[in-house]
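Written below as structure tokens is the structure these notes are about.
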Amino acid sequence: MIVNVIVDVASQAVDRIFDYSVPEEMQETMSAGCRVHVPFANRPVQGFVIGIKESSEVPAAKLKPVQEQIDLTPPLTPELLQLAESIKEETLSLHVSVLKAMLPQAMRAKYKKSVFPGAAVAKLDQNLQKHFAESKFIENWDEWIKEASEEDKISAAKAIRKGLLIVEPKVTTKDAAKKQLVYASILSDADAENHIGELNRKAPKQAAVLNFLQSSKEEHTAKQLEPYGSKAALEALVKKGLISKNEAVLNRDPYEGRHFETSESLTLLPAQKEVLSDITRVIDKKIHRTFLIRGVTGSGKTEIYLQAIDKVLRNGKEAIVLVPEISLTPQMVERFKARFGARVAVLHSALSKGEKYDEWKKIRDKKVDVVVGARSAVFAPFENLGIIIIDEEHEASYKQEESPRYHARSVAISRAEHYNCPVLLGSATPSLDSYARAQRGVYDLLTLENRVNDNAMPAVTLVDMREELKSGNRSMFSDDLIERIKDRKQKGEQIVLLLNRRGYSTFIMCRECGYVPQCPHCDISLTYHRTNQSLQCHYCGHRETVPTRCPECDSDQIRFFGTGTQKVEEELHKTFEDLSIIRMDVDTTRRKGSHEKLLTAFGKGEADVLLGTQMIAKGLDFPNITLVGVLAADSMLHLPDFRAAERTFQLLTQVAGRAGRHDKTGEVLIQTYSPEHYSITEVKEHNFLSFYEKEMYMRKMGGYPPFYFLTMIHVSHTDLQQVVQVTEKMSAYLKSSLSESTKIFGPVASPIPRIKDRYRYQCMIKYKIEPKLMEALQELMHSYQSDIARTDLQIIIDTNPFMMM
DNA sequence: AGCACGCCGACT
DNA sequence: GTCGGCGTGCTC
């Protein structure tokens, strides 16, 4: 028996199948999708079995046997193995990196080298001899060498070379499923009681344990039984045959002890019913369709999701629900747990590695049939999928920004095609890509125009900040905004303020000569952080102190420009003495759980104002919010990215939706320097369609998606000349090998031309149909493979990029 | 990627 | 002579 193995080595050079023979004792249990340990270039590595066959073309002399089989039940199903192959092709990723992305972190292999002395200990240097007298071996060589003295390093290296010290590389795959002993009483009540009388005298501990087990009728771990009797008492009872002992895998439940109110299906409005019946029709027909539901905020999309899932579960199938990481709040989880109870697994980044593994295991063991999770939950190892739902489908977080650069939306569609089941994409502000597909009939468009409670959409006012300046208001708050904040404060209503920039000031500048401090490692100006009086680089973390005099002209006219959330908070306190503010940005939500904490506090009315960056735009639904203020609506609009207008419209619409969701009417005030830009005016009108048409026109003119496909190539190197040279060559090669109609732009320097001392260049490919593209890109990667390995050249290819930086 | 192998200059 | 630096090539 031969297995096809993909080895866990991140290199283009070994990104192919290697064959291994399977020892007799593993043949029975071996199957595709299992992880194995195999010898590879003189060391053990982890590998994924992706196929099994009877014979190999590889000469028998070269074939090595599998060292160890890690999984008995394969963690990857045949469907996922096939999916991995297509993702690898489409995203030009390493096969192994796609396979790894499908599994929870806890299942990744760890590699370490241990070092122990050979036979002739006496020949070792004095210092080493001393070391090995104390401990028999060095358990983690890489860690040891980091902390060792210079002499130790040299003499150890010598000893290894001479064979006096032996290096043993090891792979360990943590089996996160901890087996625990559980105990239960096995005799009838009457029998147990007979014994208890006797035990009470001789062994009171044993009697207590038996008593407890008798009354609870359930299995318990040794730890849970600790208060009644020790392990010794338990073992004694087992010996007497009064209780049984079993091994069991006990899963942690991150939501253990949390009570979820059960909820029933709500009655749907006619519009919701119509949408749901379109979906259930497809579920019944057992065919694949992708639906795009455009429903304004508060139109009841979630209830439709819940009822569609209910339908799928009744058919004995499974459901995946994807939610943007940031809106995976307890409230969101609660809605699903309330409806489907213990049948729901939750996968998101706030869980520990072990907890994630446990949730994943519940899916693999078929203990649940609904998964709610962020991007990677799209790989949930279900085998009988009935629906995949992607909420807020326009969110950028569905695209993974590291390799493998997959988009959860397209992975979801691939999987749904395989299972002949529907995909639901939901959003108040669909991505242009999806909406265009819906218009062309590739997706089915479903629309919900009205809010469930029939509330009107909040009134939106635009404030032209240029006018404010002209009339002498140089503060960051317009007169209108100040007045309205005063008004809400008086009425005891709550306010949400959005500013898409953290920190204090965006940069500092010398007024005399215009000097702006830049990061020495990146081509970007430094941001002023007030808390520690420093200038910081948001890209590499570089820090320096604020100069009191200009390093260029020695003037003392150094001033702060731009505004961050920190500064707004301070200014608000200056303007309104008794206003209480909760600030939410990366700096205040870094700690685990703080995001939730701040939101709950605001929900309970502990502050008048919630001030934050875009993270506040999602998921908050509090009845007392009647004013939403956007301080600088254009902050994203002028970024060098063709999606800038789309993102601006989406963010503003999102945040505007926070106001007046309940019986109080809401109001939105948007401050901007570009009040005539359609991405802002159409927010005022709540007119997605009009925005869509205008933006589509711009995309058509610019030759951007959804009219053209894009592929971005990012090249970086510490040497500027190298980058330029390589990018130029690549561009020339592509021009010569791709068709006439395909346009290649570049090489050009990236919008941030240098990060962490690496120069960055890029090359953009625009095309409509280009059958030779993937082949050409593969060829490119191969021809630069050795340069990437030898020098610090880096090449990133992003097919369908989301971020242009 | 990480490891062996082999070639070459430097030092005991 | 021997040590150790680095370029080259291979991994079932």
Side-chain angles (χ1 to χ4, degrees), chain A residues 1-23 26-27 30 32 34-70 88 92-101 108-115 118 123-125 128 140-146 148 150-173 402-404 722 781-796:
Chain A
M1 185 190 261
I2 302 294
V3 280
N4 293 139
V5 173
I6 300 294
V7 291
D8 180 21
V9 178
S11 161
Q12 194 97 42
V14 292
D15 186 26
R16 58 195 156 95
I17 293 170
F18 287 90
D19 287 0
Y20 286 87
S21 62
V22 183
M26 290 179 207
Q27 297 199 356
M30 187 59 77
C34 284
R35 294 169 304 155
V36 287
H37 288 170
V38 291
F40 189 72
N42 289 316
R43 74 211 140 105
V45 297
Q46 187 176 89
F48 292 88
V49 174
I50 62 158
I52 296 184
K53 51 185 184 174
E54 275 318 307
S55 62
S56 172
E57 293 79 68
V58 178
K62 276 190 162 184
L63 270 183
K64 288 179 186 168
V66 172
Q67 216 164 57
E68 199 189 333
Q69 182 183 339
I70 301 160
K88 158 199 142 82
L92 293 163
S93 308
L94 298 178
H95 202 155
V96 68
S97 66
V98 182
L99 293 167
K100 281 163 91 174
R108 299 215 178 143
K110 290 201 173 59
Y111 299 92
K112 73 176 179 189
K113 283 173 261 175
S114 57
V115 172
K123 283 191 189 167
L124 284 173
D125 286 359
L128 286 176
N140 191 336
W141 172 249
D142 291 310
E143 228 163 71
W144 186 86
I145 203 87
K146 250 190 257 163
E150 281 308 308
E151 314 157 59
D152 280 1
K153 275 183 201 173
I154 294 165
S155 59
K158 260 186 206 167
I160 288 170
R161 190 170 257 274
K162 283 184 192 155
L164 296 173
L165 287 181
I166 295 158
V167 180
E168 194 178 77
K170 275 192 195 138
V171 216
T172 45
T173 305
E402 308 99 61
S403 178
Q722 285 286 314
M781 283 310 266
H782 278 126
S783 57
Y784 284 99
Q785 178 197 304
S786 70
D787 285 312
I788 291 169
R790 281 200 336 270
T791 71
D792 60 7
L793 174 70
Q794 201 190 5
I795 299 172
I796 295 168

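So you know, we letter chains A, B, ... as the sequences are listed, proteins then strands, and number each from 1.
Note on A:Y20: only backbone sugar-phosphate atoms sit closer than 4.0 angstrom, heavy atoms only; bases stay farther off. Counting any heavy atom pair closer than 4.0 Å across all strands shown, A:P39 reaches sugar-phosphate atoms only and no base atom.
In this structure the side chain of A:S114 reaches within 4.5 angstrom of the side chain of A:K170, judged on heavy atoms.
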Exercise. Please step through side-chain contact (heavy atoms from CB on, under 4.5 Å) for the pair A:Q67 and A:V36, ending with a clear verdict.
Key: CA-CA 7 Å; A:Q67 216 164 57; A:V36 287; over 6 Å; no

Practice problem: Go through the steps to decide whether A:I2 and A:V58 satisfy the test side-chain contact (heavy atoms from CB on, under 4.5 Å), and finish with yes or no. | Solution: CA-CA 10 Å; A:I2 302 294; A:V58 178; over 6 Å; no

Practice problem: Just do the side-chain contact (heavy atoms from CB on, under 4.5 Å) check on A:I17 and A:I50 with the steps written out, would you? | Solution: CA-CA 9 Å; A:I17 293 170; A:I50 62 158; 3.8 Å; yes

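How far NZ of A:K113 is from CZ of A:R43: 9.5 Å, rounded to the nearest 0.5 Å. Rounding to the nearest 0.5 Å places CZ of A:R35 at 11.5 Å from CG of A:L99.
A salt bridge links A:D19 with A:K53; the closest basic N to acidic carboxylate O contact falls under 4.0 Å. Salt bridge absent: A:D142 and A:K112 never bring a charged side-chain N and a carboxylate O closer than 4.0 Å.
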Exercise. Go along nucleotides 4-12 of chain B 5' to 3' and tag each nucleotide: B for a protein heavy atom under 4.0 Å from its base, S when only backbone or sugar atoms are that close, - otherwise.
Key: S--------

Identify each donor-acceptor pair in which a side-chain atom of residues 787-795 of chain A lies under 3.5 Å from a protein atom, sequence neighbours left out, and give them as a table.
from   : atom 1 : to     : atom 2 : distance (Å)
A:T791 : OG1    : A:D787 : O      : 2.7
A:T791 : OG1    : A:L793 : N      : 3.3
A:D792 : OD1    : A:H717 : ND1    : 3.3
A:D792 : OD1    : A:H717 : NE2    : 3.3
A:D792 : OD1    : A:T718 : OG1    : 3.2
A:D792 : OD2    : A:T718 : OG1    : 2.8
A:Q794 : OE1    : A:S716 : OG     : 3.3

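Distance NZ (A:K64) to P (B:dC3): 13 Å, rounded to an integer number of Å. In this structure, the CG atom of A:D792 is 12 Å from the P atom of B:dA1, given to the nearest Å. Protein atom NZ of A:K113 is 14 Å distant from nucleotide atom P of B:dA1, rounded to whole Å.
Under the side chain to side chain donor-acceptor pair (under 3.5 Å) test applied with A:D8, the options A:H37, A:Q46, A:K100 reduce to a single match, A:K100.
A donor atom on one side chain and an acceptor atom on the other are not found under 3.5 Å apart for A:N4 and A:Y20.
Of the residues in residues 94-101 of chain A, not one places a heavy atom less than 4.0 Å from an atom of DNA chain C. Contact check of residues 1-15 of chain A against DNA chain C (heavy atom, cut-off under 4.0 Å) returns A:A13, A:V14.
Panel note: side chain A:Y111, backbone A:T172; no donor-acceptor pair is recorded below 3.5 Å.
The footprint of chain A on DNA chain C, defined by a heavy-atom cutoff below 4.0 Å, extends from C:dG4 to C:dC12.
In this structure A:M1 satisfies the side-chain contact (heavy atoms from CB on, under 4.5 Å) test together with A:V22, A:Q27, A:M30, A:I52, sequence neighbours excluded.
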